[in-house]
Amino acid sequence: MPANSRHSSTSAPVRVPSTLWALGHEPLDPQDRWPDPVLAQAIAEFSEPAARVMLLGWPTPAARGALRIIEPDTAAALALIGDLGRHGLDAPTGRSWSGRPVDLVIASLLAEHVDPNAAADHVTALATEVLAMGGLLVVLSRCRHSDSGVLNDPAGSVVAAAQAADLLYLQHIIAAPVSGTTITAAPAEPGSAGVARHRVAHIDVFVFLQPAHG
């Protein structure tokens with residue numbers, strides 16, 4: 001093989017697979033429940049202009065009587081949805097929904113101290129209540145270490161709960177900041193000496209379909 005041919009083949013651009021969302025170069029903020037690049041990508045990939053998009057955070061939103069409290073980060077995320085030409089909705093405090101069906105539910109399990117089973121059950125129960133037939137549930141999650149050093153991964157709980165609720169599992173996507181061929185990880189989270197702490201390098205994005213019945 002000619003030298004110039006060998007050189008051109010090894011210097012070809014790296015092809016990013018469709019199951020990886022490259023989010024720029026900055027490491028992810030472990031405290032951010034609604035990372036703008038991930039939220040914008042999910043909305044662009046899984047909804048059309050004027051679609052109804054509901055945000056479902058964990059822990060569940062607080063309420064005082066009839067007064068609904070919307071967290072500042074959720075309010076900012078709803079504003080981003082509006083900027084992208086969709087109609088943003090905050091999730092109800094309970095599982096009773098009387099509004100119009102929703103085209104896309106984006107659920108975030110990125111907060112600290114998530115109970116994987118309780119969060120997965122709540123997310124899927126509410127999604128099946130509000131989603132239109134053919135609507136999509138997108139769940140954002142990540143691994144984390146407990147204070148005792150145990151690695152917790154909500155993925156299995158999310159998939160099991162969704163399938164038990166008759167949602168179809170479509171795709172698992174990795175969302176990560178990429179520089180060249182390297183994923184940029186955040187600094188390790190502080191913890192007690194000798195206790196493992198997770199470095200946040202990516203977000204897991206799970207996609208499920210509410211199938212038409214009958």
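Since the structure is predicted, the reported quantities are computational estimates derived from the model, not experimental observations. The first residue in the sequence is number 1, and the count goes up from there.
The side chain to side chain contact (heavy atoms under 4.5 Å, CB included) test with Leu136 singles out one residue from Leu170, Leu168, Asp103, and that residue is Leu170. Of the listed residues (Val123, Val102, Val138, Val130), just one forms a side chain to side chain contact (heavy atoms under 4.5 Å, CB included) with Leu56, and that residue is Val123. The side chain to side chain contact (heavy atoms under 4.5 Å, CB included) test with Met54 singles out one residue from Ile81, Val105, Asp90, and that residue is Val105.
Pro92 approaches Leu126 most closely through the heavy-atom pair CG-CD1, 3.8 Å. The nearest pair of heavy atoms linking Ser157 to Ala120 is O-CB, 3.4 Å. Of all heavy-atom pairs spanning Val38 and Trp21, the tightest one is O-CZ3, 4.0 Å. Taking both residues in full, the closest heavy atoms of Leu167 and Gln210 are given as CD2-OE1, 3.3 Å, listed atom of the first, atom of the second, then distance. The two residues Asp73 and Trp34 make their nearest non-hydrogen contact at O-CD1, 3.7 Å. Of all heavy-atom pairs between Leu110 and Pro35, the closest is CD1-CD, 3.8 Å.
Counting non-hydrogen atoms of neighbouring residues, nucleotides and ligands closer than 6.0 angstrom, the CD atom of Glu48 reaches no more than 12 such neighbours.
Within the 4.5 Å cutoff, the side chain of Val139 has no heavy atoms near those of the Val205 side chain. Using a 4.5 Å cut-off on side-chain heavy atoms (C-beta onward), Leu84 and Val53 make no contact.
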Legend entry - Residue pair Leu23, Leu28: steps toward the side-chain contact (heavy atoms from CB on, under 4.5 Å) verdict: CA-CA 9 Å; Leu23 305 177; Leu28 296 167; 4.0 Å; yes
Inset, instruction - Please step through side-chain contact (heavy atoms from CB on, under 4.5 Å) for the pair Asp204 and Ile174, ending with a clear verdict. - result: CA-CA 5 Å; Asp204 293 298; Ile174 298 297; 3.3 Å; yes
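Relative orientation of the His172 and Phe206 rings is parallel, given thresholds of 30° and 60° on the angle between their planes.
Interatomic distance, CD of Glu45 versus CG of Leu104, reported as 11.5 Å (0.5 Å rounding). Atom NE2 of His87 sits about 9.5 Å away from atom CG of Leu78, to the nearest 0.5 Å. We find the CG-CE distance between Leu131 and Met133 to be 8.0 Å, quoted to the nearest 0.5 Å. Within the model, atoms CG of Asp32 and CD1 of Ile203 stand 7.5 Å from one another, a figure rounded to the nearest 0.5 Å.
At distances below 3.5 Å, not a single donor-acceptor pair connects side-chain atoms of Arg33 with backbone N or O atoms of Gly57.
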